[in-house]
Structure formats: structure tokens, C-alpha cells
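To start, the structure itself, in C-alpha cells.
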There are 2 protein chains.
Amino acid sequence: MTVTLADVAARAGVSSATVSRVLNGNYPVADGTRTRVLRAVDELQYVVNGPASALAAATSDLVGILVNDVADPFFGIVASAVQSEMGGEGATGTGQKLAVVCNTGGSPERELTYLTLLRRQRAAAVVLTGSAVEETAHSTALADRLRHLAASGTRIVLCGRPPLAPRDGTGEEPALAQDGIVTLAFDNRGGSHRLTAHLLTLGHRRIGYVTGPAERSTTRHRLEGHRRALGEQAPEALAEAERLTVHGGAYDRSAGYDGALELLRRAPDLTAVLAANDTVALGVCAALRDRGLRIPEDVSVGGFDDLPFAADASPALTTVRLPLHEAGARAGRLALGLETPPPGDVATVRADLMVRASTAPPAPR
Amino acid sequence: MTVTLADVAARAGVSSATVSRVLNGNYPVADGTRTRVLRAVDELQYVVNGPASALAAATSDLVGILVNDVADPFFGIVASAVQSEMGGEGATGTGQKLAVVCNTGGSPERELTYLTLLRRQRAAAVVLTGSAVEETAHSTALADRLRHLAASGTRIVLCGRPPLAPRDGTGEEPALAQDGIVTLAFDNRGGSHRLTAHLLTLGHRRIGYVTGPAERSTTRHRLEGHRRALGEQAPEALAEAERLTVHGGAYDRSAGYDGALELLRRAPDLTAVLAANDTVALGVCAALRDRGLRIPEDVSVGGFDDLPFAADASPALTTVRLPLHEAGARAGRLALGLETPPPGDVATVRADLMVRASTAPPAPR
DNA sequence: CTGTTAGCGCGTTCAT
DNA sequence: ATGAACGCGCTAACAG
């Protein structure tokens with residue numbers, strides 16, 4: 001029923017090994033036979049049997065990309081960037097990687113499940129993107145599984161999340177990993193610090209903050225940058241930072257909307273609100289508007305990530321730009337072994353402040 | 001190095017066949033042996049070898065989801081809905097499907113490439129989402145490949161795109177397919193018709209339209225609905241519909257921005273602008289604002305899809321709601337054979353008008 | 001450069 | 001209810 005290597009071989013008058021060789025292009029083959037084989041492949045509409053070749057070669061051409069939420073453009077951009085590097089040579093089956101994105105929904109269990117499924121497929125590489133869940137049981141289970149995978153030949157790249165904790169469990173975020181797992185971390189702390197500093201410099205002192213889910217690394221890092229800036233430039237504001245912080249249940253619009261309302265309840269006189277990311281910021285803006293507050297005249301708003309819509313919002317959103325496409329592409333190349341890993345296998349990706357119309361000096365009282 | 005079925009068998013003191021049977025749960029196995037085997041599996045951290053089992057069984061647990069643009073929430077929502085149905089039973093390897101999304105970037109070639117890659121993997125099912133490219137050479141090549149795939153046992157579901165043209169090439173969009181390929185089509189014509197009718201009823205007569213890429217089915221269908229409404233309610237407006245239509249190069253924000261500027265150039269007195277979708281509509285809004293026009297006082301704007309951000313835009317966007325999550329979930333169930341296909345294998349998904357703040361009667365002249 | 005020969009790890013008859 | 005044995009389609013030595 002289905003065409004096999006042997007069929008092609010027979011048709012081309014060569015052995016199946018030869019066919020395999022021209023298809024994979026790993027060994028020298030005479031030009032004449034090569035064209036003959038390719039013609040046979042074409043005539044028979046032959047398609048390699050992936051499982052069979054994966055079994056024999058003990059490795060497949062599957063590359064997994066784990067994301068927390070496919071419906072979030074943040075991940076869409078990163079994923080598409082990773083995939084853009086997998087184009088492949090175009091030859092009949094040569095090097096063509098099948099880059100697939102797996103949606104964990106932010107659930108640690110699904111994350112582990114996907115890892116198992118990818119391991120089962122003998123994936124060539126796995127790229128994990130976005131914030132990690134900071135819960136000891138899960139982090140160690142995850143680190144464990146990733147190290148196993150790495151040991152069994154699957155390349156692992158962490159993009160937009162902190163490095164794995166070292167096996168011995170001492171300290172956090174070691175400067176260098178020792179297991180071949182490459183990390184591209186975003187400078188969330190730095191970016192957040194710059195954003196808050198910008199607000200403080202404008203003269204704001206009562207700054208609300210709607211964070212992301214409490215257990216995620218990104219949430220913590222951005223909050224740390226924020227608090228550090230407060231501590232440095234406005235110690236008095238730091239005192240009530242706790243009261244002006246609301247933890248959102250997700251990185252979504254409604255977290256921003258609800259969070260902003262809660263902040264307004266706690267401190268009707270706040271002059272600025274920072275959000276966990278741009279999507280949350282949009283929710284914040286909606287809530288402020290619904291309360292009759294103008295942006296930025298009455299309240300300034302700041303986001304994070306600089307997703308495409310941030311510049312188009314009205315007013316255009318002041319935010320922190322993360323080079324998502326660039327980072328994703330680099331992660332893709334690292335996953336394919338096309339780029340040499342950074343020293344110590346950990347690199348930090350910059351996060352630049354983008355000042356736009358949603359922030360302005362606070363109104364004189 | 002890696003643990004195999006045989007290892008588990010040895011540890012449990014049974015044959016590998018038995019282990020296989022408990023893992024797949026297809027044959028009766030004594031309770032005692034079952035637990036013994038499961039314990040061995042656990043102790044050895046055994047993970048099924050996907051390629052090997054796919055080779056032997058001639059089918060894999062991979063399900064492909066093809067999307068035109070992962071970075072577009074439209075597809076993200078559909079994809080995540082499809083995946084949400086693949087949870088699986090949770091048993092050690094039973095039924096767990098690996099749902100993966102493949103980003104075609106709207107390119108026909110990449111679409112075909114992914115189909116080949118999935119065929120190579122002996123995918124259990126493939127879900128194609130979003131608009132199709134309407135170009136004869138490609139549509140026949142695609143239809144061909146899909147029918148081959150379907151014939152070789154891969155379930156095919158079309159979600160948000162029109163049914164395949166019949167093999168004989170006569171007529172378009174047949175009421176019923178005959179190859180087991182299931183289609184969930186969106187009522188783009190109807191939705192668009194209702195949206196334009198809404199504008200006409202408000203009193204608008206000079207309505208600009210920024211479409212999506214010319215060669216896509218969705219573009220054509222939405223435009224047809226628009227024109228039909230014009231023809232029915234305002235034949236005089238239909239006359240200049242051509243002049244008031246601008247074809248965008250993509251379904252993105254800049255297409256909307258540039259398109260709106262072009263429309264303003266052609267007809268400075270237009271009172272409403274319709275966009276190919278919500279993302280494009282956002283670009284339209286940005287352009288109008290940059291030209292000093294207020295929405296909806298000076299110009300009304302309408303979108304399509306009703307993505308989450310549409311309700312949050314300011315002003316909130318009047319648009320046509322597509323039940324993306326619902327449709328995606330259904331597509332997922334169909335792909336798994338969990339739901340019986342609609343009669344004729346083709347179903348049309350409703351598209352409801354959502355009237356919000358971005359549309360209002362035109363200003364009196 | 002090319003053919004021959006073993007497996008890769010698992011599902012699946014066919015016996016028992 | 002369980003075991004033995006074969007073959008899925010391909011790659012990777014090893015000849016030649």
C-alpha cells in the first residue's frame with residue numbers, strides 16, 4: 001500500500017541504503033545515481049516514514065516549543081521566531097525540522113506531560129519559553145526531567161525564563177549551568193527598574209502595581225526591579241508599596257481591570273499604575289476610563305513587553321520593550337546547534353524603556 | 001542506556017508482549033500481573049518509544065494544527081481550544097495525543113511542507129485553520145495532498161475555512177464532501193452582511209472597506225457579504241463600492257493604517273470604515289485619530305472576529321463575533337473522532353453582530 | 001562510491 | 001491469560 005525505501009530502490013535500480021544516503025545527503029553518492037534516485041522518489045511520490053527513521057537513527061526531527069499561552073501574542077511572537085529558524089534546506093527531507101508549539105496553559109502538570117510526550121518522540125530539541133512556576137516540588141521535578149532529556153541527547157533551550165536551579169539546591173540562578181542547558185533570560189528586573197525610575201523622575205510618588213500570578217518568576221523579578229527603584233529614589237514611597245500592590249490571577253486583561261479597581265479603592269489618590277505586562281495594562285486603562293479618569297492627565301499607566309498593540313493603544317502605552325523576535329530566533333538557532341552558546345550557557349537579553357503617551361507628570365494637587 | 005519494554009518485562013518477570021498489553025490496555029491482563037508491570041514501569045521510569053510504537057502500529061499520537069500566524073490571537077484561541085480537547089486519559093501513555101501547532105505564515109508552500117512533515121510522522125489527525133489561499137494550482141495541490149492523507153488514515157478537519165473544492169472541479173464549495181474530510185466553516189458572508197446592514201441602517205452611505213489579502217477566501221467572503229448588503233439596501237452606494245475598497249497586504253495593523261489613509265485620500269467625506277478584522281480595524285482607528293478624526297463622531301469603524309481586545313479598545317469596537325473557542329474545541333473533538341460529523345460533513349458556524357461604541361449615525365452634514 | 005546485513009523498540013499474530 | 005517470534009521501514013556499520 002504505502003511506498004517504501006525498497007520500492008524506490010527497486011525502481012532506481014540501486015540498494016535501499018543508497019536511497020537513504022541520497023535522501024539524507026550524509027554520504028557521497030555519484031551524481032548519476034543521485035538523479036536517478038530522486039526521479040524515482042518523485043515518480044513514486046515517496047514520503048519518508050518518520051517513525052521508522054527516528055527509530056533507526058534514535059533521534060527525530062521534531063522540535064518542541066513549550067509556551068504558557070498560545071493565545072497570547074507574547075508567546076506567538078517568540079514561537080514564530082523560533083520556527084522561522086527551522087526552515088530547513090528544502091531538499092527532499094534533508095534537515096527539515098518539524099517545529100511544533102505545545103500549549104501548557106501555564107500548568108506545571110501539562111508542562112511535564114508535554115516533556116514526556118516529546119521525550120517519547122525522541123525530540124531533537126525543546127525550547128521552553130516564558131515565566132517559570134516557582135514552586136519547589138515542581139521546579140525540581142522539571143529540572144530533573146530536563147536534565148534527563150538533555151542527557152539523552154535532546155537539546156534544551158530556556159527562553160525568557162531564568163536558568164535552572166543547580167542540582168544541589170544552593171543559591172538561586174547560578175551564573176553558569178553545567179548541564180548543557182542554554183538559557184536566554186530577559187532582564188525583567190532591570191527593565192522594571194527603569195520603568196519605575198521613569199515614573200519617579202516624572203514626580204510620581206503614589207504608584208500602584210498590578211502584578212501577574214504570584215508564583216511565577218517573571219512576576220517576582222519585575223516586582224523586585226520596581227521595589228528596588230522605589231527604595232533608591234523614594235524610600236517613603238516604598239513604605240506603602242505593599243499596600244499599592246495587587247496580585248493578578250493571570251497575565252490577562254481582566255486581571256488588569258479588576259486590579260485597577262481594587263487599587264483605586266485602596267488609594268483613590270494614586271497618580272500612576274504599573275501593570276505586569278501590556279495586556280494587563282490594557283485592562284488597567286479600561287478600568288480607569290470606566291471610573292472617569294483620563295490617561296495620562298489623571299493617572300499614568302505603564303506596561304511591559306511592548307507587544308505590537310502597545311504602540312497603537314490610545315494613548316500609546318509607555319512600556320518596556322523585550323526583543324521577542326530576536327530572542328526567539330536566537331533560541332531557535334541554539335536549539336539547532338547553529339549558534340554557539342553564550343559563555344556559561346546563560347545570556348541576559350536587554351529590556352529597553354519605551355516612553356510614550358500614557359505617562360506624564362502627575363497633575364498638580 | 002535507555003529503558004525498553006524488554007527491561008520492564010524482565011523486571012516484572014513477564015514477557016514484553018504482556019507489558020505492551022497492559023500499557024495499551026487493549027487486551028485482558030490479570031490484575032496481579034498488571035500491577036506488577038505498572039510498578040516496574042514506575043521504578044524504571046520507563047517511557048514508551050514513540051517512533052518504535054508508531055512504526056509497529058503504523059500510526060502515531062501526533063495531531064497537527066496548521067495556522068496562518070501563531071502571533072495572531074485569532075489562531076491562538078482556535079489552537080488552544082483544539083488542544084484543550086486532547087487532554088487524554090492520563091494513563092501511562094494511553095491515548096495521550098500530542099497536539100502541536102504548525103505556523104504556515106500564510107504561505108501555501110509551508111502549508112504543503114507541514115502536511116508532508118505530518119504525513120511523514122503518520123499523524124493521527126490534522127486540523128487546518130483560517131482562510132485558504134484561493135489559487136487554482138495551490139488549491140488542487142492541497143486538496144490532493146489532503147485526500148491522500150485522509151485515505152491513509154489521518155483524520156482531517158477544516159476549521160474556519162471553506163470546504164475543499166470537489167475533485168471534478170465543478171462549482172465551488174459543495175454542500176457535501178465525499179472524502180471524510182470534515183469542515184467547520186464560519187459564516188463570513190452572513191456576518192459581514194449584518195455588519196454592513198447595521199451601518200446602512202444607521203444612515204451611512206459612504207462606507208470605506210479595508211480588506212485582507214486579495215487571494216484569501218475569508219477576504220472574498222467578507223467582501224461579498226458587504227457588497228450584497230449594499231446592493232440590497234443602498235444600490236447607489238454599491239456603485240462606488242469598488243472605489244471605496246482598499247486591499248490590505250495582510251491581516252495586520254499596518255494594513256489598516258495604510259488602508260485608512262488611502263481611503264481618506266480617495267474619499268475625504270466617508271463616514272464609516274469597515275476592516276477585514278479587528279486587528280486591521282485597530283490600525284484604521286489609529287490612522288483616523290492621527291488625521292484628527294473622532295470615532296464614532298466623525299467616522300464609524302467596524303471590525304470582525306471579536307477578539308478579546310475589541311471590547312477593550314477605546315471606543316469599544318463594533319464587530320462580528322466568531323465563536324472561536326467553541327469552533328476550535330469542536331474541531332478538536334472531530335479530529336479525535338469523539339464527535340459525529342455534521343450531515344454532509346460540512347457545518348456553518350454562526351457569526352453574530354456585536355454593536356458597540358465605535359459605530360454611530362453619521363454626523364449631519 | 002555502493003551493496004549487504006543487522007538491528008532500532010514495539011505491536012501483533014499464533015501458539016500454549 | 002501469557003509467551004515466542006516475526007516484521008514494521010529505515011540507518012549504520014561493514015565489506016567490497
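Everything quoted here is computed from the prediction, not taken from an experiment. Each chain gets a letter, A, B and so on, in the order the sequences are listed, and its residues count up from 1.
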[N] [atom2] sits how many Å from [X] [atom1], rounded?
X: A:Asn24; N: D:dA12; atom1: CG; atom2: P; result: 7 Å
X: A:Leu23; N: D:dA12; atom1: CG; atom2: C1'; result: 16 Å
X: A:Leu55; N: D:dA12; atom1: CG; atom2: C1'; result: 13 Å
X: B:Asp7; N: C:dC10; atom1: CG; atom2: C1'; result: 13 Å
X: B:Arg21; N: D:dA5; atom1: CZ; atom2: P; result: 14 Å
X: A:Arg36; N: C:dT2; atom1: CZ; atom2: P; result: 8 Å

Of the options [options], whose atoms approach the side-chain atoms of [X] most closely?
X: A:Ala17; options: C:dG3, C:dT12, D:dT2; answer: C:dG3
X: B:Ala56; options: D:dC8, C:dT12, D:dT11; answer: D:dC8
X: B:Ser53; options: C:dG11, D:dA4, D:dA1; answer: C:dG11
X: B:Tyr46; options: C:dC8, C:dC10, D:dA13; answer: C:dC10
X: B:Thr4; options: C:dG3, C:dC10, D:dG3; answer: C:dC10

Quick one: do the [X] and [Y] side chains pair a donor with an acceptor below 3.5 Å?
X: B:His138; Y: B:Glu111; result: yes
X: B:Arg161; Y: B:Thr183; result: no
X: A:Arg120; Y: B:Ser53; result: no
X: B:Gln121; Y: A:Asp61; result: yes

Between B:Asp31 and A:Ala54, just flag the one whose closest nucleotide in DNA chain D comes earlier from the 5' side.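 Between the two, 5'-proximity favours B:Asp31.
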Go nucleotide by nucleotide along DNA chain D from the 5' end; which of B:Arg34 and B:Ala52 gets its closest nucleotide reached first? B:Arg34
Select base, sugar-phosphate, or nothing to describe what [X] touches, counting heavy atoms under 4.0 Å on all strands.
X: A:Thr18; answer: sugar-phosphate
X: B:Ser16; answer: nothing
X: B:Ala30; answer: sugar-phosphate
X: B:Leu5; answer: sugar-phosphate

If you go through the side-chain atoms of B:Arg122, does one of them form a donor-acceptor pair with the base of D:dG9 closer than 3.5 Å? no
B:Ser20 side-chain N/O to C:dG11 phosphate OP1/OP2 under 4.0 Å: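 Answer is yes, contact under 4.0 Å.
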Between B:Asn49 and C:dC8, is there a contact of a side-chain N or O with OP1 or OP2 at under 4.0 Å?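 So the side-chain polar atoms of B:Asn49 never come under 4.0 Å of the phosphate oxygens OP1 or OP2 of C:dC8.
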Salt bridge or not for A:Glu43 and A:Arg39, using N-O below 4.0 Å?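 The answer is yes: the pair qualifies as a salt bridge.
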